[in-house]
Number of protein chains: 2
Amino acid sequence: MSTTPERPIRADARRNRERILAAARAVFARSGLEAQMDDVADTAGVGVGTVYRHFPTKDALLGELVANRFEEFCAEAEAALADEDGEPFDVFADHLRRNAALVAADAGTRHALMSESEAVWAHAVPARAVLIELNRRLIARAQAAGTMRPDFGADDIPQLMCGLSATMGMTGPGFDWRRHLELLIDAMRSR
Amino acid sequence: MSTTPERPIRADARRNRERILAAARAVFARSGLEAQMDDVADTAGVGVGTVYRHFPTKDALLGELVANRFEEFCAEAEAALADEDGEPFDVFADHLRRNAALVAADAGTRHALMSESEAVWAHAVPARAVLIELNRRLIARAQAAGTMRPDFGADDIPQLMCGLSATMGMTGPGFDWRRHLELLIDAMRSR
DNA sequence: TACGATACGGAGGTATGGTTCCGCTTGTCA
DNA sequence: TGACAAGCGGAACCATACCTCCGTATCGTA
């Protein structure tokens, strides 16, 4: 693909890139998308200019983090798929519970999942497609076992999880994402 | 309550207030919360200063609109409660469907429902409490009829509807709020 | 109609936060 | 080690939007 001579990246640059990503993860997880680029730079111990050298815009930085998150989701799904012994519906439900817990701990991902900005999503498109395909297989297995309602599909998952994420940041009586998720899981059960 | 002599409000001022509210409804419905105060003023055919004379902050204006919306929801619920003939679960489900349709047509309300800002919610607190109480009665009736799962509660509604609202603005395969809502309604059914 | 109180308009103040620019530093290679 | 390229820092720039201020216009009343 790349036709450039690909001079190796300088060691300090690579180190800083990692530091920036780690700092961004921490800062956005704590403060959500409204966290500022200066915060990321300070936390990483670099100047803002350096952040912008590695990521041309804030959305590009967020996109990288979101793509990483989706790769984690995929790893989760692969692990679930590898479990041949558990009851298929329960395996799938536990997979959802683990992913939801990841999201709950990270305000940045939560807001990104609800973001309508193309730029943020662009990088994550391939991983997202893989995740849906893995979900499709998990779902097919549960449906074959007769424990999941037959008209449920992998395409239903994104909007349910997106809706769940939206409520995770809210407080007040009745706001409890674990309860919310269990209701959703019940909706998927065959009856 | 009010101890001021309450000089009657000038006719033009009252007229402008109504114009501003109508304009704000239209502008926020179209563009969501990121619509600007200048847009509202232009649409209403007044200056920004006039908008700020009637509503001290953007949040106060939004709060007024949200409170109005909740009053509509309450009216909906009262109408549903008045229906003694329909199957109680279906009556409740239709009530949810109608409210969801109202929200779907109004990006402003949608974003407001997901907003974590206290200021926006403040005005709507009483109407919100009334709505929950009305929902409680609708739910009790359906549970008494045996068609709604007995462990479902009125406190579950806000987070489900909030989650639903969050997905209404998204596009892409699988994003269809009507489908999402039907899944939620199925989750409430007794089995 | 005249007058005081109330309301209006919209240019500009201010705060916020993403992004750029350029002089300085540091790594890499001969 | 010397020189060049690559990378760095962070002050300044700029765009966006909320909100304020005050001179002008309009309403309601005697």
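Electrostatic pairing of B:Asp176 and B:Arg178 does not count as a salt bridge here, judged by no charged N lying under 4.0 Å from a carboxylate O.
Using a 4.0 Å heavy-atom cutoff across all strands shown, B:Ala44 reaches no nucleic acid atom at all.
In terms of heavy-atom proximity, A:Asp186 sits nearest to A:Arg191 at O-NH2, 4.3 Å.
For the segment residues 19-34 of chain B, the set of residues with a heavy atom within less than 4.0 Å of an atom of DNA chain D is empty. Residues from residues 9-17 of chain B lying near DNA chain D, meaning a heavy-atom separation below 4.0 Å, are B:Arg10, B:Ala11, B:Asp12 in numerical order. Sorted by residue number, the members of residues 48-56 of chain A with any non-hydrogen atom under 4.0 Å from DNA chain D read A:Val48, A:Gly49, A:Thr50, A:Arg53, A:His54.
For the side chain to side chain donor-acceptor pair (under 3.5 Å) condition, the pairs that include at least one residue of residues 152-166 of chain B, sequence neighbours left out, are A:Arg179-B:Asp156. Sorted by first then second residue, the ring-ring contact (aromatic ring centres under 6.0 Å, His included) pairs that include residues 10-46 of chain A, not counting sequence neighbours, number zero. The stretch residues 124-161 of chain A participates, sequence neighbours left out, in no ring-ring contact (aromatic ring centres under 6.0 Å, His included) pair at all. Every pair passing side chain to side chain donor-acceptor pair (under 3.5 Å) that includes a residue from residues 127-141 of chain B is listed here, sequence neighbours excluded: B:His95-B:Asn135, B:Glu133-B:Arg136. For the ring-ring contact (aromatic ring centres under 6.0 Å, His included) condition, the pairs that include at least one residue of residues 105-134 of chain A, sequence neighbours left out, are A:Phe70-A:Trp121. For residues 96-111 of chain A, the salt bridge (Lys or Arg N to Asp or Glu O under 4.0 Å) pairs, not counting sequence neighbours, are A:Arg69-A:Asp106, A:Glu76-A:Arg98, A:Asp94-A:Arg97, A:Arg97-A:Glu182.
If you take OG on B:Ser117 and CG on B:Asp59, they are separated by 4.0 Å, rounding to the nearest 0.5 Å. Put simply, CG on B:Leu21 and CG on B:Asn68 are 6.5 Å apart, with the number rounded to the nearest 0.5 Å.
Of the two residues contacting DNA chain D, namely A:Asp38 and B:Asp38, the nearest-nucleotide position lying further toward the 5' end is that of A:Asp38.
Spacing between atom CG of A:Asp42 and atom P of D:dA11 amounts to 11 Å, rounded to whole angstrom units.
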**Request:** Mind running side-chain contact (heavy atoms from CB on, under 4.5 Å) on B:Met168 and B:Phe175 for me, showing each step along the way?
**Result:** CA-CA 8 Å; B:Met168 285 176 170; B:Phe175 281 94; over 6 Å; no
**Request:** Please assess A:Asp83 against A:Asp85 for the test side-chain contact (heavy atoms from CB on, under 4.5 Å), listing each intermediate value before the final yes or no.
**Result:** CA-CA 6 Å; A:Asp83 178 352; A:Asp85 304 325; 3.9 Å; yes
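Residue B:Glu118 qualifies as open at atom CD: its count of foreign heavy atoms under 6.0 Å is 12 or below.
On the nucleic acid side, DNA chain C has its first and last nucleotide under 4.0 Å of a heavy atom of chain B at C:dA5 to C:dA11, going 5' to 3'.
When each of A:Arg10, A:Arg14, A:Arg15 is checked for a side-chain hydrogen bond (donor to acceptor under 3.5 Å, both in side chains) with A:Asp12, only A:Arg10 meets the rule.
Two end axes, each from the C1' atoms of five base pairs, can be drawn for the helix from C:dT1-D:dA30 to C:dA30-D:dT1; they diverge by 10°, to 10 degrees.
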Tabulate below the donor-acceptor pairs under 3.5 Å that side-chain atoms of residues 44-54 of chain B make, not counting sequence neighbours, or state none.
none

